[in-house]
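Take a look at the structure set out below.
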2 protein chains.
Amino acid sequence: MVTLLDVAASAGVSRSTVSLVINKSPLVKDETRQRVERAIQELGYVPNPNARGLVKKENKSLGVIIAIEDQPYNTYEFNYETGLYSYNITNGIPVGLANTDYGLLTERFCVSIQGKELPALVKNNRVDGIFLVGGLFTPELIERLKEKKIPIIAIGRYYDQIDSVSTDVTQGVYLGVRYLLDQGYRKICYINCPQIYRSNAERVAGVQKAMREFHLEMKPDWLVYCKHNTGEGGYEAIKRLWQSGARPQAIAAANEPIALGIMRFLYEQDIRIPEDIAIVSYEDSVLGGYAVPALTSVNIQKEYMGELAARIMLKRIRKGQEGELEHIIVEPNLVVRSSVGKC
Amino acid sequence: MVTLLDVAASAGVSRSTVSLVINKSPLVKDETRQRVERAIQELGYVPNPNARGLVKKENKSLGVIIAIEDQPYNTYEFNYETGLYSYNITNGIPVGLANTDYGLLTERFCVSIQGKELPALVKNNRVDGIFLVGGLFTPELIERLKEKKIPIIAIGRYYDQIDSVSTDVTQGVYLGVRYLLDQGYRKICYINCPQIYRSNAERVAGVQKAMREFHLEMKPDWLVYCKHNTGEGGYEAIKRLWQSGARPQAIAAANEPIALGIMRFLYEQDIRIPEDIAIVSYEDSVLGGYAVPALTSVNIQKEYMGELAARIMLKRIRKGQEGELEHIIVEPNLVVRSSVGKC
DNA sequence: CTGAAAGCGCTTACAG
DNA sequence: CTGAAAGCGCTTACAG
């Protein structure tokens, strides 16, 4: 393995000089720098990350902590959550990290089971900062995380204790329902996430805001909650509604898994989308783009949230933990595909 | 920050002894060990990974190199690849790494653009070994990778130069087509991947094996290739076939994106699945489980391939690079859902 | 079974 | 602008 010393010898300078060159210090004479750079090239020298990390007290790695409900169970089935939400968010992070040499380490963390411990990545001091994805983190856990004194950025959900990048849920839901109304639909039902989610109130507010603009009231029975954030959850919810005799012209779903559950039920009843009934979804994912028919959905910009979070992280690392918390709200936007017609 | 020295002082031993305890050496007297362990507990000591890595010459990180066609472009649309293949494989790796303290770093690498360089993770010596996912790696690139002298395991595709975990494509495709035949379908068409894929021959072999068992011949016109591995690719392929007048009883698709493209075309024609036409897919993903109707598909066990690859990696790190290459073939299995009936 | 000492490959004041 | 020296926090022979 070629080290600093080899480069120094080859270039005829001291180790400090080589180090200064590597770290782009302006203190080195141009001619010396070039000589050193040539030696680095020739020898194929690469700085040892551990040696550097040891003295600079940094890992050049960031952690993504994904909150999960229980043990990760790999399945593609309709009655399981898809994991696409955290996957898409995580995909955006490297975009914001481009042109840095930060690596990204991922860990799934079950708050309910491992709640008393810390994620291994932070416990073992493997990372210089962490991203929290998912809404399952408790305030207590976040407090314990903060004791490690590394930057923490929440993605997808607002937490008042730390920096966050989240989405305007009310506005997003509003956009979807509003689009249905704009297209002439009036008899609209909303299939919401399971009751336990705190963001449900924001969703309902979005529905109501749109309805009121059209001087309509949401029928209380037409606001239903799924048991799970899965296809089956949506399927069962629409089935119950249908069996109660409800015949909406359009359905707004809280996310794609739920929307696809609804679509499956309708398919079984031989009800055509969008000819017989319209459906609009929220969140957006490959499930929406690939759905049959393609789902009109509100895109909450998951990748972009990840990217922005990465930028905040870099800033925190550079400037330190002091200063105002940042709470960025990303605007959702409607993606019109083929599941809504004209009423 | 608490260091080895603090623990040593607190426990009244030397640093070497603490180090031996941490590394579970049997050389330490039981009573001493307990004293040291108590001190570690009390002080909340965590070994510094960089210091340890520096002397042991290891990173305790592994890299996943995902081959991509061109720049990653984030979209959920029907005319883009989904990325689910590499995502699912990558998800399996941590399972095989459980109870070790290896972290997993991911890098997307565009062979055609960055072909002359090495992935940053390996160039900068950030990882102790790498997993190659995707079939786009060239033999030359692999040779250059091997010069780094770290273990390399290919997942999903066989390469003769390195360890690999892959799938029996012919058997998988056979399973799917065979199932159609078993259910009574005879007029079957096969929608294959784009021509450039080397695995296409294996797929065709699978189709033919099944057909011959039933004393049938594949009509050459009914074996068609998509332009892209996307929904649109499948959509356009089936459209061409349909417009040529072909009316198959059943369709076998080379993967879910293609299958969903086919399903979209059929939906537009108001052709019901499975009542009017059956469809079987291959690979399996959340796109299949959530499809409307749910897709019967051949599961190639992507997560399990990742898990096995991780185990091989651990073995290679322990035992070194010597010894026979391992080439594991994972058996595919049919997942019966709702897209195939009885003919 | 335990301790003193050298060394892993860097960076960073400090002189000059 | 450059070099000698100390130090980051560990592990590992080597004595004893």
Side-chain angles (χ1 to χ4, degrees), chain A residues 1-40 43-61 101 123-128 148-149 317-318, chain B residues 1-40 43-61 101 123-128 148-149 317-318:
Chain A
M1 188 198 204
V2 17
T3 72
L4 252 198
L5 201 56
D6 301 320
V7 177
S10 163
V13 296
S14 77
R15 293 190 299 167
S16 342
T17 306
V18 180
S19 178
L20 290 173
V21 171
I22 293 170
N23 292 293
K24 306 198 186 311
S25 158
L27 301 178
V28 186
K29 214 196 317 181
D30 226 51
E31 188 243 302
T32 318
R33 171 192 313 285
Q34 287 177 19
R35 199 143 38 90
V36 172
E37 276 167 353
R38 209 173 314 121
I40 289 176
L43 300 176
Y45 168 71
V46 176
N48 180 313
N50 281 320
R52 172 179 284 181
L54 177 57
V55 5
K56 300 192 88 160
K57 301 198 185 312
E58 66 182 14
N59 292 293
K60 284 289 178 186
S61 287
D101 43 359
K123 189 174 66 185
N124 297 327
N125 297 134
R126 293 285 308 261
V127 289
D128 300 333
K148 278 286 185 179
K149 301 291 176 200
I317 290 176
R318 229 179 309 120
Chain B
M1 190 198 202
V2 18
T3 72
L4 251 198
L5 201 57
D6 301 320
V7 177
S10 163
V13 297
S14 77
R15 294 190 298 168
S16 342
T17 306
V18 180
S19 179
L20 290 174
V21 170
I22 293 169
N23 292 294
K24 305 200 187 310
S25 158
L27 300 178
V28 186
K29 213 195 319 180
D30 226 51
E31 189 242 302
T32 318
R33 171 192 312 285
Q34 288 178 16
R35 201 143 37 92
V36 172
E37 276 166 353
R38 209 172 314 122
I40 290 176
L43 300 176
Y45 169 70
V46 176
N48 180 313
N50 281 321
R52 173 180 282 180
L54 177 57
V55 5
K56 300 192 87 159
K57 301 197 185 312
E58 66 183 15
N59 292 293
K60 285 288 179 185
S61 287
D101 44 358
K123 189 175 65 184
N124 297 328
N125 297 135
R126 293 284 309 259
V127 290
D128 300 332
K148 277 287 184 176
K149 300 296 178 199
I317 290 175
R318 227 179 308 121

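Throughout, a chain's letter reflects where its sequence line sits, starting with A, and its residues are numbered from 1.
In plain terms, the two heavy atoms of B/L4 and B/S19 that are nearest each other are CD2-N, 4.0 Å. Heavy-atom minimum distance, B/V2 versus B/L43: CG1-O, 3.6 Å.
If B/K57 and B/R33 are placed on DNA chain C by their nearest nucleotide, the residue sitting closer to the 5' end is B/R33. In terms of position along DNA chain C, the nucleotide closest to B/P26 lies nearer the 5' end than the nucleotide closest to the other residue of the pair A/A51 and B/P26.
Here D/dG9 is the nucleotide among D/dG9, C/dT2, C/dG3 with the atom lying nearest to any side-chain atom of B/M1. Set against D/dC10, C/dT12, C/dG9, the side chain of B/R52 has D/dC10 as its closest nucleotide. With distances taken from any side-chain atom of B/T32 to the nucleotides D/dC8, C/dA6, C/dC1, the minimum falls on C/dC1. Of the candidate nucleotides D/dT11, D/dT12, C/dG9, D/dT11 has the atom lying nearest to any side-chain atom of B/V55. For A/L4, the listed nucleotide lying nearest its side chain is C/dT11; candidates were C/dT11, D/dC8, C/dA4. When the nucleotides D/dT11, D/dT2, C/dT11 are ranked by their closest atom to the side chain of B/S19, D/dT11 comes out on top. Across D/dA6, C/dC8, D/dT11, the shortest atom-to-atom separation from the side chain of A/R15 is found for D/dA6. Of the candidate nucleotides D/dA13, D/dT2, C/dC10, C/dC10 has the atom lying nearest to any side-chain atom of A/N48. Proximity note for B/K29 (side chain, C-beta onward) versus C/dT2, D/dA5, D/dC10: the nearest is C/dT2.
Atoms CG (A/N59) and P (D/dC10) sit 13 Å apart, rounded to a whole Å. For the pair B/N125 CG and C/dC8 P, the computed distance is 17 Å after rounding to whole Å. Going from atom CG of B/L27 over to atom P of D/dA15 covers 17 Å, rounded to whole Å. A straight line from NZ of A/K60 to P of D/dC8 spans 21 Å, rounded to a whole angstrom. Between A/E58 atom CD and D/dG9 atom P there is a gap of 14 Å when expressed in whole angstrom units.
Across all strands shown, B/V46 has heavy atoms under 4.0 Å from sugar-phosphate atoms exclusively, and none from any base. Nucleic acid contact class of A/N50 (heavy atoms, under 4.0 Å, all strands): none.
Residue B/T3 places none of its side-chain N or O atoms closer than 4.0 Å to OP1 or OP2 of D/dG9. In terms of phosphate contacts, B/T17 brings a side-chain nitrogen or oxygen within less than 4.0 Å of OP1 or OP2 of C/dG3.
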All N/O donor-acceptor pairs, side-chain side in residues 33-40 of chain A, below 3.5 Å, sequence neighbours left out:
residue : atom : partner : partner atom : Å
A/R33   : NH2  : A/S25   : O            : 3.1
A/R35   : NE   : A/E31   : OE2          : 3.2
A/R35   : NH1  : A/A11   : O            : 2.6

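Partners of B/D101 by salt bridge (Lys or Arg N to Asp or Glu O under 4.0 Å), not counting sequence neighbours, listed by chain and number: B/K60.
Taking CG of B/N50 as the start and CG of A/N48 as the end, the distance is 9.0 Å to the nearest 0.5 Å.
Residues B/S14 and B/T17 bring a donor and an acceptor atom of their side chains to less than 3.5 Å of each other.
Among the candidates A/V18, A/V21, A/V28, A/L20, the single residue satisfying the side chain to side chain contact (heavy atoms under 4.5 Å, CB included) test with A/V13 is A/V18.
Not a single donor-acceptor pair under 3.5 Å links the side chain of B/N125 to the backbone N or O of A/P49.
Consecutive pairing runs in DNA chain C reach the stem threshold at C:1-3 with D:14-16, C:5-12 with D:5-12, C:14-16 with D:1-3, where a stem means at least three Watson-Crick or G-U wobble pairs with distances under 3.5 Å.
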